[in-house]
Every structure is written in C-alpha cells, then in structure tokens.
Amino acid sequence: MSGTVGQAAVSVPVKRKRLENGDPSKKRRKSATDDDSEPKAQIEKLENEIFESKKHYNNIATLIELGQKQDEDAKTGLAAADALCRVFIRLLASGSLVKRRDASEKDLTVTKWLRDRLADYRGLLISMLRNSRLALNALMLSMALVKAEALHLNDRQEAVFPRYFFSDVVAAVFESLDELLREELLKKFIKQYDDIRFYTFEAIKSFLTDRGSSVNEDIRNNVFQMLLEMGDVPDSSGSMEHFYIEQPQRKKHPLRSLSQHKKQAQEAWLALMHLGLSKEQRKKILEVMASSIAPWFTKPELLMDFLTDCYNSGGSISLLALSGVFYLIQERNLDYPDFYVKLYSLLDSDILHSKYRSRFFRLLDIFLGSSHLPAVLVASFIKRLARLALNAPPSAIVVIVPWFYNLFKKHPLTTFMMHRVPRTKEEKDLLESEGMEDPFLPDETDPMETNAIDSCLWEIVQLQSHYHPNVATIAKIISEQFTKQSYSLEDFLDHSYGSLLEAEMSKEVKKPPVVEYMIPKRIFTKARPDPEEKDSLLVGLWNFGSP
Amino acid sequence: MAGSQLKRLKASLREQGLIGPQQSKKQKRQNAQDQKAKTDKRLQRSEALASIREQFNPFQFKTNARGPKFEVTTNRPANDKAALSIKGRPGLAKAVGEERRRQTLLVEMQRRNKVGGIIDRRFGEDNPNMSLEEKMIERYTREQQRSHKKSSMFDLEEDDEPAGALTHMGKPLFDSEDEAVKDDFAEEDLPSGDESDGSRAERRRLKRQRLAELAEEAEDDEGEQPERKKTKKEIYEEVIAKSKLYKYERQAAKEEDNELRAELDQALPELQALLFQRPKPPPKDEKDDKSPIVIAGKDKAALDKDYDIRVKQLAADKRAQPAERTKTEEEKAEEESNRLKELEEKRLKRMHGEVDEEDEEEEEEEDGEDKPRKEKGGAGEKAFDPFNAEDNDEFGLGKGVKYRPTATELGFDDEDDFLIDDDLVASGSDLELDSDDMESEGSDGEDAESESGSDDDEFVKGILTEAESKDPVFQPAANSKGDDENGIPYTFPCPQTLEETIKTFENIEVTKLPVAVQRIRALYHPKLDSKNKERLGKFSQALVQHIGYLGDKFEPHWFPTLESLIRHVHSLAKTFPIEVAKAYRGHIQGMEQDRPLGITVGDLVILTAVGTTFPTSDHFHQVVTPAMLAIARYLGQKIPQVLSDYATGTYLSILALQYQQFSKRYVPELMNFCLNTLCSLAPEKPREKLGFFPVHEPAAGIRIKGASKLPIRKLNCVDCQQKQTLAPEDETSLKVAIVSTITAVLKSAAETWHKLASFQETFQPALLVLEHLLSKPNASHLPPALTSRLADTAKTISQLLALARLARRPLELHHHRPLAIRTYVPKFEDSFDPDKHYDPDRERAELARLRAEHKRERKGALRELRKDAAFVARENLRVKKERDAAYEKKYKRLVAEIQGEEGRAANEYAREKMLRKKRAARGR
C-alpha cells in the first residue's frame, strides 16, 4: 500500500488518469465481492464522488471521520487516509485550495472549508504516525502531502515548504518508539534529499527549543541517533542537487547554500547539546566529533567549551575529547594552554587497559610526532608509559615499545635513557656503594619537571623477560642496534588477548612439542615427609583435599 | 759513430777483420798451411758476418719508438736494459713462422688432392735391421701363435706335436739343432711386434743364457753322470720334461682341492645345522651312508635351492653388532647424571629461545629415545639401557623384553616405576597375562599368514614366554588370576573420543580410573598391533578431555586420581607428543572461545596439567604459551564480581607463578590481579592511588569486615565454584583465605622476580598495598595471624627492595660495536698497476678477463690465418712462377730446336744450292 502511495506522491497526474480509467471496472469487480470489503468499497465510492463533483466535498469530512477511527479499524483508517491523500493531492494540484483574490465569496468559503479539512487531515496523519502499525504508511502519506502542499498550496511561483506540518511529522517520528520509522525517514528522505535534510535540521532545532527540558531521555536519544546518522557534509554548494520538492530557482536561496545547511545543522546540534547529555551520549558524540559532527559546524569554535569541558573532566571522556580538541587545534588554531601537561595527565593507570587505547595511541603519535618538542618532555612521556607498561596487558606493551623506538630515533637526546655510562670515578663509587634510586618523579604532573631524562628504562628491560615470547622479543628491540628507520605503529595497534591467542592457535602443531622429561611425582598431592621432596608452589598454597 | 751506412759497414767489417789490407802471398800461404785453423776461421767469419748483418738491419729488432720510458711512468724494474731496448725480433719471428708453415702448411698443400694410399703394417716392414728371411720367419711364428692361443690353457698334448710345423717333403723343416730357435719363438712371453727389435734381441739372448744355466743345473743334479757334455737337444728335452712335470703337479693339486671341496659340500647340511642352530631330527645312521649319494644324486637340486636360500638369508642378515659392555654402577650413575645435565642445558637453551635447527632435530630424535628415569640418584634398576629405545621395535618383541630389566616395562615403557611405587599396579597386574595372550594370538595369526617366517616366530615366542615366566612381576600376577575385587573389567574397548571415554568409565569408580587407564594402555600397547599406535594416540586425546571433564565435576578426594591420570597423560605424551599437545590446545581454544573469563575447575586442572607435562620455561612452546596467555587473560581482564572469581584468580596466579618458577619471566597481570584483589578485599578503601595498577571498585560486600576472630584456612577448589549463598561466616573466612594466599603469592613472586631490572617499580606498589592493609583501620578487621603474615611479607619485600636499590645501575644497553657506514670510495691499492683490473665485483672481473682473452685470441687467430693465406698465395705464386719458367724454358728449347733444325735444313739447302751451282758451273 505504502508503495503505491509513494508512487502516487511522485507521479500524481499519471496516477490520476489511471484511477479515472480503472475505477469503473474496479468498482464492478468490487461490487461482486461487496460483503467482505464493504468499508473499502464505501471509501472508494466516496472518493470517486468527490472527484465527480464539488457537491460531494462533504465526503471528505466523512472520510476523515472514517480515518479517525483507525484505532478500532486500522484497515479502514488506512484506506481512508489513502483516499484522502489522493483527494487532497488532486485538489491541491487543481488549485482548489489556493485563495484567489478574484474568487467569489462562495468559493472562498469552500476554499476555507477545504483548508480546514486539510488541517484535520494533517492531524489525522500525525495521529496515525503515533500508531505504530500505521506509522510507516502515514509517513509516506505525509511526505506525499508535504510535497503536494509545498508545490500547490500557494499560488506563488516558488514552492513553499510546509515547515510546521513537517516539523510536526518529524516530532511525531521522534516521539514514536518505532525504530523502523526513523530509519525509513532517514533512508528514504533525509539521506536522499538535501532539502529534506535542511528542513529536518530546522525541525529538530525548533522541536528541541520548543519543548525545552520537557524532552525526555528517549526522545533525546532518538534525536541524537538521527543527528548522528545524518550523513556526511556535502562538498560544496554546487554538489547539492537532490531535491525532494524542486530545485529553487534563486541562486541565493538558502537551500542552495552550503553554509545555510551547515548553520541549520549546527543549530540543531547546539540545541541538542544545550539540553545536556548523558555520559554515554557524550562519549558517542566525542567519538564521532572529529569525523562527523565538527565538519557540520560553520563555527566549530562553538564546540570549544564543550570539548574543553569534556577534556578536563578526565577518564575516558577526556581521552575521547582529545580527538575533538585536536581537530580544533588543527582546523581552528585553538590555543590550548598546557596541552601537553593535560596530555601527560591522561597517562594514568587505566589508559593501557582502556578500549580506546589504539585510538589514543594514534593521536599520541601525532602529538609527539614533532621533532621540535623538548627532549625532556618526550622523555617524560616515555618514562611514564614505561612505568605503566609494567602493569599493562601484552597487547599494549607491543605498541609502546616500537613507539619508543620511533621516539628515540627522533629525539636522540632521550637515548640516554637506554645507555648511560657513569663518567667519573666518584659516580662509579657511589653506584657501587649505594646503588641508585630512580630519579624519575612519578607524581609530578608537569612533564617538563619529571627528571625522566635522567632516568633509565629498567621497566622495558624487565619486560624483555615477559612471559609472552613475542612481547619479550619486541621489548628486546631497544637493546639491539637501532638500524631500522622506524616502525610502523599500525602493525602493532589493535591487538588483544583474543587476537594473540588466536594467532597462537591458528598455527598447526607439526613438530612434536617438547615434553617435560621428568614426570613429576606429585601434582596435587602433598609430598611425603621426605627431605628430598618438596611441595610445589601450588600444593603449598592450595588445599586439594589431600590429608 | 757518424758517417753513412756504407762507411759504418766498412768500418765494422774491418773491425772484425773480415776485410783489410790485402794479405801478402806469404801470409796467404801461412793461412793455407794450418788447415785446422781454417775451418775455425770460416766459422768465426760467418758468425761475425751474421752479427754485422743483424746490427745493420734496422728491422731486425722491435724497439720502443720513443726510446726508453722514464722511471716515473713505469714501475717495471729499470735495470732490465735488454728488455728495455729490444721488444721483439720480428724478422726472426717471421722466419720461424715461415719455417713452421713450410713444414706443415706447405706439406699439406703439396699433398692436397694427391696423396692417398695404404699404410704397410706388415711385421718388420719398416724395420731396416731385419733381413728378409728373419722377417718371413717372424711373420710365420706370429701366425702360428694366433692359432695356438685359441687352444685350452691346460692342454697338455698341445706341444707334443708341433701342429702344422713347417715341413719340407714330409720332413721337418728345421734340424734338431735348430729346434732351439723354434722353441724360442714358441715361448709364451715372446715380445709382441710393437716392441723394439733391439730389446727383443736382447731378451732372446738372455733367454738362451738362462736355458743354458738350467741345463747346467740339471747336469749337476744328475751328479756323477758321465762327463759327457750334453747336447743342446738333450738339455732342451730335459727342460721340456721338467716343465711338463710342473704342469702335471699343478693339475694334481687342483684335483685334490676339488675333492676336498666336494667333501665339504657333502658335510654342509650338518654345518648349516650347526650355524643356524636349527634343531634337527636325530641323525639317522643310514643317512650317513646315503649322503654322498644324495649329493651326487637327484636330491642335489633341492639341496642347491636350500643352499641358495641360506645364502640369501645370510646376506640379508644384519651384521652382528658388538654388544654394549656391561657398565658398572658408577658409570651408570655418571651417564645418568650427564644425560640429565644435557637435558637441563637444552631446557636452558630453549628458555633463552635459542633453539636452532640441528638442536630441534636432536630433540626430535630424543623425543623418541627419551626414557626418562625418574629417580635422580637411584641408578639401580633403571640402568641406562641402549636397547630400550622405541625405535628398536623392528627387532621384535623378544629382544626388547630380554634386555629389559623389569617386565612391567613391557606394557608401559617408563612410567611403571612410579605406578609400582605408588602401589597402583597391585591387584590388577594380571593384565599382563592378558596382553600376553593377546600377543600369542597375534603371533599365531602371523604364523598363519607367513609360513616362511614361522620358525623364527616360534623362536621369538619361546624367548618371550621364557623371559616373562622368569620375571618376578608376572608371578604374583599369575597367582592372583582371580577376579578383580574393584569390579574393573580386564578388557576395555579403546575409547577414541570423550563420549566413548565417559561411557567406558561410567561404571568405574573415579578413584580406580588409573587402573583402567593402565589396563587400556597395556591392552593396546603399540607393540601389540600396528593400529594400536593410532588408537592410543586418540585415547590420549580423549583422556586429556576426560581429565577436564572430571575436573569440572570434581570431588576433593579425586585429586590423587587426577594426578595419576595426568601423569599417565604425561607418559603418553612422550610417545604421542603431537596428539596430546593438540588435545591440550583444543581444550584451551575451546575455553577461550566459550568462556574466556569464566574459567571452570576443569580448566584449572587442565592448565595445571599443561604446566607439569610441558616445560614451562621454554621461550616459546606450542602448548604452554597459549595456556599462559589464557591465564593472563583471565587475570588481566576479569573484573571479579564474586568471591569465586577471586578464588579462581588466586589459583591462576599461583599457577602463573609456578609456570615461571624456573625461567623467572615477568607476568604483569599477576601483579595487577594480586594488588587489585588485596585492595578490593581490604576493609577500607585506600585513600590515594597506591600504584599504576588498575583498581576495580569491588562489588558490595566484598570487603572484609570483622574477621579478627577467624582462623586462616587454605583455599580449595570448591571455593572456585560459584555458589548462590554462603554463610556470612564462611564468606569471611574465604576472604581471609584469599588474602592470605595472595600474600603468599606476592611473597613468592617477590622471591622469584627480585632479580628483574625493574623490581623496585614493580613491588613498591605491593609494599604500599600491604602497608595499607596493615594500617590501623584495616588491621583491626583482620585476624592477627593474617596481619603477622602480611607484616612478614611486607618485611621480605622491603628487604628485597632495598637489595634491588643497591643493585641498581644505570642501563648500558648499547655497547654495540658502532655500525660501519657503507663506503663507496675505492680501496687504495699499495702497488697499483694500471694494466690490472681492480674490479671489486669478482664475477664481473672474471667476465672482463675472459672477454679480453677472447679478444686477444681472436686477433691472434686472425693474424695467423692472414699469414697463412699470404703464405699460401706466395707459395702458389712461386709454384706458378716455377711452372711458367719451366714452360718458358721448354718452349724456348723447342723453338731453338726447331730453329736449329730449320737452320740445318736451310744450310743444307744452301749447300745443295751451292753444290748445284758448282756443278752447273762445272758442267758448263
């Protein structure tokens, strides 16, 4: 059904002809099976009568009434709405709803009455949208109506978009719980047509500002989802050429300017952000900030506060905000004071366990990619990460060490962290007698003051005896000769326990594995009181129920 | 030496005394008088002339056109003056070349299209030293020899009558005196034709001498015979007789030998019997009489055949190997300790990840051969046994059993010692008899199918049963051949999958499982059937799965059973390493895919088994590495929610630490888990961060409260199972147990890892956490025994920390030899020679050398060819000229002749005319 309506919306005249031609035969056929499809036939009859003469305009009211009964009888309601849509489209196309100055009093009354009925019909459609069963059809009908209205409701040359009706539709879509409905709107209209997207932004903005804080969490979520999936920013004003209604003639028309589009989008986003976001939403926003939100903004500076707040809030939020901040720094020349101090503070115990680890390292690689950074600062980052690596999963260590290698190559001063020969005799004597303390200050927040450059990377040396052979081998690169130019980080990112295990398991056992040559006497049981036998660690610490 | 060429020539001639002022007559006469000096002088003269000619021919020598080089431009030795001045003698070279051509090319040219013909190869044809007669005789003898050689070597009659001797009118051609000569030629060792004639003559002479001596000897032997001097004929007859006698003797000896051989042939069957120790039917008397007939008669064919078979068997037999010397106890012990040491070294190598190819091969070999002896010191009954190796199977069962000290090893090659000392073998040991039965059945089957080897089989079987009956272990088995009081059947199907295993072991009490497993292993021992190897491999896999299965539904008293099952798997793993490894890996994989963070007790048991079965110290190991990763994954990623999670984690921490006991590798996840657990269980939350380990906020009710009165117990596997409810008392005691175990783990971890480079950074947080637990608000909730343990651990750690601080040195990782920058500047040559090519690329240099040589050769060849052509042309021209000249001469001669004749005729005519004229004048 919805398909035919959609078609009807696009090709009204053809449809009309077909309807006219086909109707009599249809009617005849229908009359044969009159009993079971009685309301349908009635609706058809009513519709045809409307087409036949103006006298039967009252049928419209009947149809609307029938439509309003959709709660009880969905089929009839739908059929009625369907019929009404056709009726109105035809009426609109024939110009019956246009107020003409030269029209007679009587005509004006008719027009006014028709307009009222149209308003009723709109209300009917909106209510249908709320009905989950009919929503999809109602959406199609509404969009058909929107098109017809835009084209024919005014007698002006240019199409006038029925904003209010459309925002009602959008609002209804948001309020409905139906996921499919939103997807339909997105897929069939918003992503397809530039003007619909434009008006959707507008509608969202007005919807959010009108309702204010009364918008509940679900709706907010829906709006958020919708905005997220709006698609990419068009390249230029010229590339926007898909219009649902028609391409506006004027070059200056807001629909044809990219900045206007962006402005609408920006306002919609801002309206959403002003409402306040849950933590999850904030994370999501931050996740796609640089890729799909910020490009929509004509003034990304407006995001500055939001991003800085997020960045300062700590935890995974700041991790995620990092890419947004970076976008601003890159695009808008944002001057973030103490950026590296903040970045340094992000290196806490959770960062290597976080699921955004790879994302963070990609950014960190960019931030520390400059060879003009002070070696002291780079050393602090290296040392801090080395400390963290002591408690890190293997997949993180695997990234860190090659990254260190690249930094060492770029900042040769930091290589003293791997190789420091005591120069004077006193120094040597002191080392002999007292050993040494790590000069690194782990609690210092300023990376310029941590003394890391005077420290050594004992941590990585320890990791050279990591239990996982590959990790241990990778950790060994810092004590090999630095013959390679640099390591590509991408080869090491995105590992996990699962992938490491998978890699091990995918290897077929071909060579017989080495078997322990001694079969242990005891595994679970306690050793006998024998000086030669000793409990294993496990038996010593665990009770296996043996006496 | 100025002056024209002519003047200089004159001067030099004068110098040599060739020309000079005219000699006086007196001088001339004097010179002519001493003839002797004359020849000398002429020689001298010609020499002098030649030298002068040389001197005055500017083309005789090739010299440097621009004179000698300066020293600076060449590093050739400057003192070689001659070399400097004369570079070649073109004239001489030309002459030599010309001469050579004349010898070869010219000859060829002249013979071209002219010479063909027969080469005369007749004997002595081109030998000028032989007279015609000699030649003829020689040729005749050779012909005779040719025909003679065809006859048999041992033909005695042959030289009685000189076959086809030359006769003349029926009489021999040669007189008896001349026979010697003939005999001489008949000698076998007559030199062949191609020998030089001089040497032949010499030989002949020598031979005559020898014969003469022989004859003299013979004369002497005859002693006091009349003094008559023997004639030559007599002597030669004697010689002939003697040689015939020798010949006869040789033949007689040969015959004797043959007889002896025949005798031996007759006796062979008996000898064979002796050789092969073949029990023969008692020898019958009449056979002795018969035997020669048998050999000679119809049975010979059969005997030959038998003999052939024997020979083949002998050829196919393995060469007997020298038996190992029986070793003394000390030697055995030493060998054992050496072997252990070697294995340990290999383990260390693997630990450092430096296993190279040949090592791997070795290991593979060893896997087959490895017969681990369990007892370290006890060299006693587990002596080193070279025949013990698995790969000796081809020798058959008998040998293996014979050499084995204990027959239990028949069933299970190495693990039985522990089975015995664990008294597990006790009542069910009659299974060996079963296996024996099986075996004899098997060999019966073999008998049926292979008739030829049946004897050998019987032989083997005899030994086998003998060995078994002697064996002490089999005797009690035979005694207790009654029923099994445990209700374990004696025979099993060999389970191939987990389902089959479960079904098979359904009715067996779990604690009795090892007996069943042992029986299965005995029943399906690889030596009993070729398919058993595969079966047992599958069974070992199923057994691994079964262990996991049992672990999941464990009961505390099952652990000794599980232990012995694991040990069974371990010993199976020595035979089936790949299968067992696959089973373990399969389990780990399943565990990771289905429940990465929900590890069950069965998984714990499997992981423990992995840790004991395989060397956990290896740098990389196909089974241990994934197992370790799985453990670390749980420790690192599991956020414990309930106490059982903590308990499981604790078990895994212990296991991880036990894995790394030997190699002392660092496990970050272990530290994270232990510290996080301690923080979570601590009665109070720490106020500040205690380190860089991630802290998970514990679920409600995890923190220990009011446990100060509780005793400390050990954790057990029941704690790892998630239970719905626990009594508050039990719960708290479990928490205390976890804390105390974790503390112990930390302590032992600190002891394991105190040598690591970053020990301070690693354990400083641990110390802080322990101190936090010992602080006032926390300690009041904990039992005093626990706090004292905590304090003890903290003390140990702080001591180790202080030690680590003392031992810490700045890193010096890069004492590498600095890398050489690749250079493209050519190496400086001390004695550079511009003629030489200093191409660093060997191949290219070689190629260039070859190319230059080719070019040179080509040029040379071209030049030679050109010269040849010139020579040929010159020669042709010369020949043509000669021919022309001859023709001319002939022509001239003819013309002259004709002219002469004509002249004569004219003269005659003129004379006639004159005469007529005169006559006419007279007549008038």
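The figures that follow rest on heavy atoms only: side chains count, while hydrogens, waters and symmetry mates do not. Naming: A, B, ... by sequence-line order, numbering from 1 per chain.
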So which part of B:Lys689 gets closer than 4.5 Å to some heavy atom of chain A, the side chain, the backbone, both or neither? side chain
Distance-minimising heavy-atom pair for A:Pro512 and B:Ile578: CA-CG1, 3.5 Å
Side chain, backbone, both or neither: which part of B:Gln760 has a non-hydrogen atom closer than 4.5 Å to chain A? side chain
Would you check if the side chain of B:Arg809 reaches a backbone N or O of A:Leu431 as a donor-acceptor pair within less than 3.5 Å? yes
Chain A contact via B:Glu592 - which portion, at a heavy-atom distance below 4.5 Å: side chain
Which portion of B:Leu657 sits near chain A, non-hydrogen atoms under 4.5 angstrom: both
Do B:Pro626 and A:Met505 have side chains that get closer than 4.5 Å, going by heavy atoms? yes
Under 3.5 Å donor-acceptor, B:Arg585 side chain and A:Glu504 backbone: yes
With only heavy atoms counted, which part of B:Asp719 is less than 4.5 Å from chain A, the side chain, the backbone, both or neither? neither
Check whether any side-chain heavy atom of A:Ser349 sits under 4.5 Å from a side-chain heavy atom of B:Val695, and report yes or no. no
So what's closer than 4.5 Å to chain B heavy atoms on A:Glu432: side chain, backbone, both or neither? both
Between B:Tyr666 and A:Leu463 the two heavy atoms that sit nearest each other are CD2-CD2, 3.9 Å
Could you give the distance from OG1 (B:Thr762) to CZ (A:Arg387), rounded to the nearest 0.5 Å? 9.0 Å
Atom group of B:Ala656 that falls short of 4.5 Å from chain A, counting heavy atoms: neither
Answer yes or no: is there a side-chain heavy-atom contact under 4.5 Å between A:Tyr467 and B:Leu629? yes
Do B:Met628 and A:His468 come within less than 4.5 Å of each other through their side chains, counting heavy atoms only? no
Considering all heavy atoms, the nearest B:Phe614-A:Val514 contact: CD2-O, 3.3 Å
Ranking B:His557, B:Glu555, B:Gln589 by heavy-atom pairs under 4.5 Å to chain A gives rank one to B:Gln589
Bottom line for B:Thr625: the part with an atom under 4.5 Å from chain A's heavy atoms is side chain
Just by distance, do the side chain of A:Gln481 and the backbone of B:Arg817 share a donor-acceptor pair under 3.5 Å? yes
Applying a strict 4.5 Å limit to non-hydrogen atoms, the region of B:Glu669 in contact with chain A is side chain
More than 12 heavy atoms of other residues, nucleotides or ligands under 6.0 Å from OH of A:Tyr487: yes or no? yes
Given A:Glu516, which of B:Arg347, B:Arg350, B:Lys574 fulfils the salt bridge (Lys or Arg N to Asp or Glu O under 4.0 Å) condition? B:Arg347
Given A:Tyr517 and B:Leu340, is the side chain to side chain contact (heavy atoms under 4.5 Å, CB included) satisfied, shown in steps? CA-CA 9 Å; A:Tyr517 58 87; B:Leu340 284 174; 3.6 Å; yes
Under a 3.5 Å distance rule, please check whether A:Asn391 uses its side chain to pair with a backbone N or O of B:Asn672 as donor and acceptor. no
Inter-residue atom distance A:Phe524.CZ - B:Cys717.SG, 0.5 Å rounding: 7.5 Å
Determine yes or no for a side-chain-to-main-chain donor-acceptor pair under 3.5 angstrom, with B:Gln622 supplying the side chain and A:Lys511 the backbone. yes
B:Phe559 side chain reached by A:Ile523 side chain, heavy atoms, under 4.5 Å: no
Is the closest side-chain heavy-atom distance between B:Arg633 and A:Pro393 below 4.5 Å? no
Proximity breakdown for B:Phe554 and chain A, heavy-atom pairs closer than 4.5 Å: neither
Using salt bridge (Lys or Arg N to Asp or Glu O under 4.0 Å), reason through B:Arg808 and A:Glu434 one step at a time and then give a plain yes or no. CA-CA 9 Å; B:Arg808 172 161 279 185; A:Glu434 291 181 24; over 6 Å; no
Between B:Glu688 and chain A, with a heavy-atom cut-off of 4.5 Å, which part of the residue counts as in contact: side chain, backbone, both or neither? neither
Can you confirm whether B:Tyr651 sits close enough to A:Leu538 that some side-chain heavy atom of one is under 4.5 Å from a side-chain heavy atom of the other? yes
Is the closest side-chain heavy-atom distance between A:His353 and B:Phe693 below 4.5 Å? no
Can you tell which part of B:Thr608 gets under 4.5 Å to a heavy atom of chain A, answering side chain, backbone, both or neither? side chain
Of the non-hydrogen atoms in A:Cys456 and B:Pro810, which two are nearest, and what is the gap between them? SG-CA, 3.8 Å
Tell me, side chain or backbone of B:Glu579 under 4.5 Å from chain A's heavy atoms, or both, or neither? neither
Check whether B:Gln660 gets within reach of chain A through its side chain, its backbone, both or neither, counting any heavy atom under 4.5 Å. side chain
Looking only at heavy atoms, which two atoms of A:Val515 and B:Pro615 are closest? And how far apart? C-CD, 3.9 Å
B:His814 (side chain) donor-acceptor with A:Met418 (main chain) under 3.5 angstrom: no
Keeping the roles fixed (side chain from B:His570, backbone from A:Ile519), state whether a donor-acceptor pair exists under 3.5 Å. no
What heavy-atom pair brings A:Ser479 and B:His816 nearest, and what distance separates the two atoms? O-NE2, 2.8 Å
